[in-house]
Amino acid sequence: MAGSSQDRSLREELTCAICCELFSEPVMLDCMHHFCKGCIQEYWDSCAHVPSCPQCRRKFPSRAFRTHYLLAGLVEKVRRCGSEEHQQKMQKHLEDALQARQKELENLLQRKRVVQEDICSLTKVSGELNFKIQSEFARLHQILEEEERAVLAELGEKEERSLAQLHRHVGQLEEGMEVLQRGIEHIKLTLSKMEDVSLLEVESLDIRPLVHVEMQPALDLQHYRDSHSGPLQYIFWRQMLRSICPAPAPLTFDPESAHPNLVFSRDLTAVTERNQAQPVPVSPRRFRQCVNVLGSQAFDSGRHYWEVWVGSKTKWDLGVAAETVDRAAKVKLCPENGYWTLRLRNRTEYWATATPWVRLTPRQPPRKVGVFLDCQEGTVTFFDAGNMSHLFTFHQVSAERYCPFFSTCFSDGRANVEPMRLCHLAL
Ligand SMILES: [Zn+2]
Ligand SMILES: [Zn+2]
């Protein structure tokens, strides 16, 4: 390593030219050469002549040298660095550093693997979504094309019927004209013979009556045109909506399942909590602890979507419940107990009641919540039905039959008295 070659040259610099060891009590002569104090004294002792430098041979008038403290300190440091203990410490230090880097490398490698897996998964899921979106659009195109064909076919039939009628009329008129023509010819012929025949004969001549061709109602072209005009795109879009699956289901509440405090609108699409129990028949289907109610329809297959108006209520729960949920007990709303719900608390806190709960932060408070149940996929998805932005999806949803689930929560005086409503698509 670069460090060790530097060490070596430093060590050489700090080596006494006499004993070839690291300086011991280094001293400097006037010629600026260094030696161990002991070495130079011994050297000078051994030669009888004037003192001189063993390296450059310069002669000195006396045995004079200066102790070099800075050099002594440096030598001490180099000597310590060369010690076994220091070596071991350094080795340990380097081994630790190596290990730490190897571990970090492994860590980065692992993270890279995860990210690469994410890349693969993302590509795969995007492909699946792409396919799904394309097939949904293909279905819409198909519906639209079928609608177009049906509308054009109807127009064609109408045209054909009217044309046939008109052609028939033309035929009748032509027939009449022919008969009349023949009559005219006959009368003309008779007229030309008037002088030759007796009046008696003329009277016996066959003069056929006038032809009568039935009047047909005039073609109302304006009506024909008008009946196929108007806001055509909207008309076709409305017709198309009938074929869309799933379209918002026109659900109603099931009052028999409702907690006695709940009261309903006559059409069973609005519910509110009255702060006191109403006289209701006893039913094993009734929620007895919490102010809950189910939808009147249960689902065991297919895909279903419905929308719930929550307006500016300050708290509510809604979503899907297994038909078998315990309605007599006060039960925590969570998937383990057969509930897949969204909830609002304290006006602004939105939660998905997964385990553990998930706090949601919608861009704006949803006033209408869309619930999408896919029995095949086993998912329940919530949307802000105002702009159809996604709020939350439960996976691994499983039950024999699913019921739309609602809880108005307590009215708290007037704070939360606003009814919860089931939205029906008004077309
Ligand atoms: Zn020496
Ligand atoms: Zn010298």
Side-chain angles (χ1 to χ4, degrees), residues 1-129 351-352 354-361 395:
M1 278 192 283
S4 67
S5 78
Q6 263 171 15
D7 282 352
R8 202 167 319 123
S9 68
L10 182 64
R11 189 170 258 276
E12 275 162 20
E13 296 275 330
L14 299 178
T15 296
C16 167
I18 299 173
C19 67
C20 297
E21 296 282 337
L22 281 176
F23 289 122
S24 159
E25 292 182 73
V27 294
M28 187 171 74
L29 308 190
D30 285 344
C31 61
M32 309 288 276
H33 283 120
H34 297 85
F35 304 97
C36 311
K37 187 176 168 189
C39 287
I40 195 65
Q41 278 174 337
E42 206 177 302
Y43 174 76
W44 281 340
D45 284 347
S46 67
C47 38
H49 315 291
V50 284
S52 64
C53 171
Q55 238 172 311
C56 65
R57 305 289 164 199
R58 192 172 140 188
K59 293 186 170 62
F60 304 112
S62 65
R63 293 184 171 198
F65 51 70
R66 271 167 285 167
T67 308
H68 201 313
Y69 292 105
L70 186 67
L71 199 59
L74 199 58
V75 168
E76 195 45 45
K77 226 172 217 167
V78 169
R79 184 173 283 127
R80 257 208 319 273
C81 283
S83 76
E84 199 167 319
E85 190 191 354
H86 181 78
Q87 291 270 351
Q88 279 174 354
K89 211 166 119 189
M90 278 309 289
Q91 183 161 354
K92 175 85 174 60
H93 176 68
L94 289 175
E95 281 170 358
D96 287 352
L98 179 68
Q99 209 175 10
R101 273 152 191 75
Q102 281 172 336
K103 214 166 150 187
E104 188 56 25
L105 182 68
E106 182 56 41
N107 179 24
L108 292 187
L109 202 69
Q110 181 60 32
R111 278 165 54 188
K112 186 183 159 196
R113 239 177 263 141
V114 170
V115 174
Q116 277 173 330
E117 274 168 29
D118 282 349
I119 291 174
C120 287
S121 307
L122 178 71
T123 313
K124 186 164 166 273
V125 171
S126 293
E128 287 166 5
L129 288 176
W351 299 91
T355 309
W357 284 11
V358 178
R359 179 79 186 262
L360 305 179
T361 49
H395 294 271

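Because only heavy atoms are used, hydrogens play no part in the values below, and waters and symmetry mates are left out as well, while side chains stay in. Both ligands and their constituent atoms are indexed starting at 1 by order of listing.
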Smallest separation among heavy atoms of [X] and [Y], with atom names:
{"X": "W44", "Y": "L29", "result": "CH2-CD2, 3.8 Å"}
{"X": "A17", "Y": "F35", "result": "CB-CE2, 4.0 Å"}
{"X": "Q110", "Y": "R113", "result": "OE1-NH1, 2.8 Å"}

* For atom CZ of R101, is the number of surrounding heavy atoms from other residues, nucleotides or ligands below 6.0 Å larger than 12? ->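 Counting other residues, nucleotides and ligands, CZ of R101 stays at 12 neighbours or fewer.
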
* Asked: Would you say Q87 has more than 12 foreign heavy atoms packed within less than 6.0 Å of its CD?
  ->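 Yes, the 6.0 Å shell around CD holds more than 12 heavy atoms from other groups.
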
* **Test item: Y43 and C47 side chains (from C-beta on) under 4.5 Å apart, heavy atoms** =>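 Yes, at least one pair of side-chain atoms sits under 4.5 Å.
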
* Asked: Can you give the angle C19 SG - the Zn ion (ligand 1) - C36 SG, rounded to 10°?
  ->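 That angle works out to 100° after rounding to 10°.
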
* Asked: So, C39 and the Zn ion (ligand 1): N/O/S under 2.8 Å, yes or no?
  ->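 An N, O or S atom of C39 is closer than 2.8 Å to the Zn ion (ligand 1), so yes.
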
* Positive for side chain to side chain contact (heavy atoms under 4.5 Å, CB included) with V75, one of L22, L70, L10 ->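 Only one of L22, L70, L10 forms a side chain to side chain contact (heavy atoms under 4.5 Å, CB included) with V75, namely L22.
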
* Structure fact -> For the Zn ion (ligand 2), protein N, O or S atoms at a distance below 2.8 Å amount to 4

